[in-house]
Amino acid sequence: MSENKKSPVSSTREGAVAIIRIDNPPVNPLSQAVREGLLREYEAAAADTGVKAIVLTGTGKAFSAGADITEFSSGRTAPFLTDVITTIEASAKPVVAGINGLALGGGFEIALGCHYRVAASAVRQLGLPEVKIGIIPGAGGTQRLPRLMGVEPALDIIVSGAPIDAAKALSLGVVDKVVEGDVVAAAVAFADDLIARGEGPRRTCQRTIDAAALPADLFAKKRAALARHPSGPLAARACVDAVEAAVTLPFAEGIKRERELILQCLPSPYAKALQYAFFAERQAGTIAGVGGDVKLRDVKSVGVLGAGTMGTGISLAFLQAGMPVTIVETKQEPLDKGGARIRETIEANVKRGRLTAEQGGAIAKNLTPSLDMQSLAGCDLVIEAVFESMAIKKEVFGKLDRICKPGAILASNTSTLDVDEIAQATTRPQDVLGLHFFSPANIMRLLEIVRGKATAVDALATAMALSKKINKVGVVSGVCFGFIGNRMLECYGEEVQAMLLEGATPADVDKALEAWGWAMGPLAVMDLAGIDVGWRIRKEHKFSDERIRLYRVTDAIADQGKFGQKTGAGYYKYEGRNRIEDPAVTAMFRAEAARQGIEPRNGIPAEEIVERTLLRLVNSGAEILDEGIAMRASDIDTVYINGYGFQAWRGGPMWQADAMGLAVVAERIKFYEGKYGERWKVAPLIEKLAKDGGTFAGLDKVKAGR
Ligand code: NAI
């Protein structure tokens with residue numbers, strides 16, 4: 001240890017008990033220095049004849065949040081966590097974990113390797129979330145947790161990655177005691193008691209599992225339920241394999257198996273994509289040129305205009321974050337309907353146990369419905385979610401300008417209109433921005449924060465901070481038609497229409513894309529959201545002749561009043577939510593293709609469906625990046641993962657393009673350009689990066705000065 005660098009692990013003594021503390025703010029990640037410090041302090045305590053028992057604890061709000069994920073890329077360095085834990089577990093003196101705060105991943109594994117566990121009652125997060133970044137617990141967690149709490153609950157916790165709280169941990173037998181107040185003092189008292197009673201170590205590794213008592217099909221059933229696990233095709237399966245090894249193999253063999261399995265997961269494209277997505281999401285909150293010195297505006301009360309689909313969802317998002325909301329409509333009926341929908345959702349959350357009745361009541365009380373725009377005068381933020389019409393929006397913003405207090409942020413939830421033009425309807429365009437929520441707004445995590453030409457930096461930074469407060473992922477977008485997500489989706493959707501004309505059926509397209517990883521195929525999505533949405537937009541805005549041509553059949557379907565699920569038919573027919581292929585729709589595409597002189601193909605291979613849709617997204621993403629609409633490629637991926645059902649284990653479209661290699665991407669796009677013409681024109685940024693051997697990720701790094 002160097003003289004001037006304090007070790008993040010230290011120890012003190014209380015009577016015969018040594019207290020080892022991890023102090024590596026903010027959440028005590030297990031960096032190399034921590035692992036080394038733990039071994040050093042443990043060995044000192046082991047060697048000290050005056051020490052009869054050891055307490056291991058964390059400082060601050062965490063016991064330990066686990067591995068230092070920033071060390072993943074730099075490779076493993078000794079001492080390894082597994083060895084640290086094995087050494088502690090082998091201790092001849094009893095070791096008690098004093099779990100003061102969250103213990104996740106490697107942090108939880110340390111606690112499992114201790115002989116006893118005492119936890120503070122306030123601890124909410126104990127668990128093994130490794131599966132969420134595409135790996136499995138790799139320091140004995142998969143072998144010790146089933147031995148401590150039983151195989152079935154351990155399997156659920158490890159496969160889901162979901163944390164449990166202290167009370168649950170006590171009921172499952174993972175912790176021995178839960179205490180109010182000073183957990184370290186309680187752990188020391190626990191240790192003193194062990195000393196007094198002459199109780200020695202109680203090693204988890206020596207516990208046995210009664211395999212015969214388990215349901216015979218436990219693992220098979222669990223595997224069968226993993227088809228669409230959010231970690232992708234590998235990690236969750238590896239978790240099941242590892243826990244099965246805890247049942248079928250002796251401890252030391254099980255540890256070896258765990259090691260083999262984590263080594264399969266670590267280099268997988270899924271783990272890499274999940275870890276990238278994890279960092280991309282955090283990165284999205286950083287806005288170039290907006291430092292920590294920007295003073296945020298105080299937002300304590302929110303106004304929402306319009307109690308339709310979006311207005312009610314947006315209100316719920318703020319109400320659930322504990323903020324008071326005033327919701328304004330022009331007429332009593334939609335106001336009552338919207339208010340009722342909000343209350344029903346809160347009640348449903350109480351019924352499902354997500355909220356206590358008391359919390360539900362407090363949330364509902366925070367809503368003030370009104371027919372008078374004047375009641376928005378005191379709001380710090382007003383979000384407009386009225387009809388999608390420029391004339392109406394301008395009128396509304398003109399009124400808001402006259403009514404709202406100075407400094408209030410005035411936001412529009414528009415999905416297609418020009419935020420700069422809306423801002424011009426006010427005398428304070430610096431306070432205007434777009435807050436583009438996704439439906440259902442109380443559930444979908446994505447929030448596009450649309451930065452107008454005049455939007456003030458502090459208004460933008462405040463919106464970003466608010467997105468976190470309401471548990472959303474905020475991504476900044478510039479002003480353009482469709483912003484980041486929908487503009488790209490237009491290209492994706494257009495290519496889908498082209499393939500339907502060429503001979504793919506809606507089911508071919510949806511099945512291919514769902515099998516690749518999309519949460520839902522594009523035609524099923526359109527049927528769910530309503531085919532009429534795009535149909536109306538195509539009526540109001542000017543689009544290229546090409547797009548109009550490609551959407552001709554879809555518009556004809558909508559002309560027939562088939563809007564999708566809500567009318568019982570769209571691209572598919574519906575029995576409840578079950579989609580059934582509709583030969584009439586296929587026939588419409590065949591007939592239109594014949595009219596347009598498109599040679600019918602005998603179906604389109606799944607790989608081509610995946611490639612064409614993905615490349616259209618990438619090409620459009622590159623244009624958006626080049627125009628400065630998106631700040632970074634990773635923001636585009638964050639948009640797609642959080643708002644469009646692109647699976648995190650696939651990393652996002654831009655990540656996929658980097659994985660293909662941009663030279664290959666450019667070549668494939670040009671191939672399709674040769675075949676289909678203008679709509680496939682390669683984005684200049686892709687050509688440039690391909691020529692220079694660059695990547696989107698590399699470009700992000702250059703921009704961030706990293
Ligand atoms: P909606 O038709 O369900 O609701 C609009 C509501 O605004 C109606 O209840 C109407 O009575 C009310 N309204 C109209 N003029 C008003 C005024 N001057 N003052 C107060 N209330 C007024 O529409 P929806 O779907 O909620 O859309 C609202 C906005 O959100 C639109 O700009 C839309 O483009 C945008 N959006 C919609 C999404 C969706 O999936 N539905 C997704 C993202 C954005």
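Counting convention: from 1, in listed order, for ligands and their atoms alike. For clarity, every value in this text was computed on a predicted model and none was experimentally measured. In this chain, residues are counted from 1 in sequence order.
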For ligand 1 and [X], I'd like to know whether there is a polar contact (N/O to N/O, distance under 3.5 Å).
X      : answer
His436 : no
Glu384 : no
Thr414 : no
Gly311 : no

For [atom], find the nearest protein heavy atom and state the residue, atom name and distance (0.1 Å precision).
atom                    : answer
atom 3 (O) of ligand 1  : Thr309 N, 2.9 Å
atom 2 (O) of ligand 1  : Phe387 CE2, 3.4 Å
atom 43 (C) of ligand 1 : Phe437 O, 3.2 Å
atom 24 (P) of ligand 1 : Met310 CG, 3.9 Å
atom 40 (O) of ligand 1 : Ser439 CB, 3.3 Å
atom 17 (C) of ligand 1 : Thr330 CG2, 3.5 Å

Of the listed options ([options]), which comes nearest to [atom] when hydrogens are ignored and any heavy atom counts?
atom                    : options                        : result
atom 8 (C) of ligand 1  : Glu388, Glu329, Met444         : Glu329
atom 30 (O) of ligand 1 : Asn413, Asn486, Leu417         : Asn413
atom 5 (C) of ligand 1  : Ser370, Gly313, Gly306, Ala385 : Ala385
atom 15 (N) of ligand 1 : Val396, Ile327, Val386, Ile537 : Val386
atom 1 (P) of ligand 1  : Ala441, Gly434, Gly308         : Gly308

Once you measure the plane-to-plane angle for [X] and [Y], does it fall in the parallel (<30°), tilted (30-60°) or perpendicular (>60°) bin?
X      : Y      : value
Phe563 : Trp535 : tilted
Phe589 : Tyr571 : parallel
Tyr644 : Tyr640 : parallel

By ring-ring contact (aromatic ring centres under 6.0 Å, His included), Phe278 pairs with (sequence neighbours left out) none
- Could you tell me whether a side-chain N or O of Asp510 sits under 3.5 Å from a main-chain N or O of Leu523, the two making a donor and an acceptor? yes
Counting heavy atoms under 4.0 Å, the part of Lys393 that contacts ligand 1 is side chain
Kindly state whether the ring of Phe481 and the ring of Phe543 have centres lying under 6.0 angstrom apart.
yes
Do Trp655 and Phe646 have their ring centres less than 6.0 Å from each other?
no
Heavy-atom closest pair (Glu384 atom, Ser412 atom, distance to 0.1 Å) is OE1-OG, 2.6 Å
Between Val509 and Pro522 the two heavy atoms that sit nearest each other are CG1-CG, 3.8 Å
Measure the distances from the heavy atoms of Phe438 to every atom of ligand 1 and state whether one is below 4.0 angstrom. no
Q) Hey, is Lys337 one of the residues with a heavy atom under 4.0 angstrom from ligand 1? A) no
ask   = Do the charged groups of Asp527 and Arg579 touch, with an N to O distance under 4.0 Å?
value = no
Query raised in the report: Is it true that the NZ or CZ of Arg487 lies under 6.0 Å from the centre of Phe483's six-membered ring and within 45 degrees of the ring axis?
Result: no
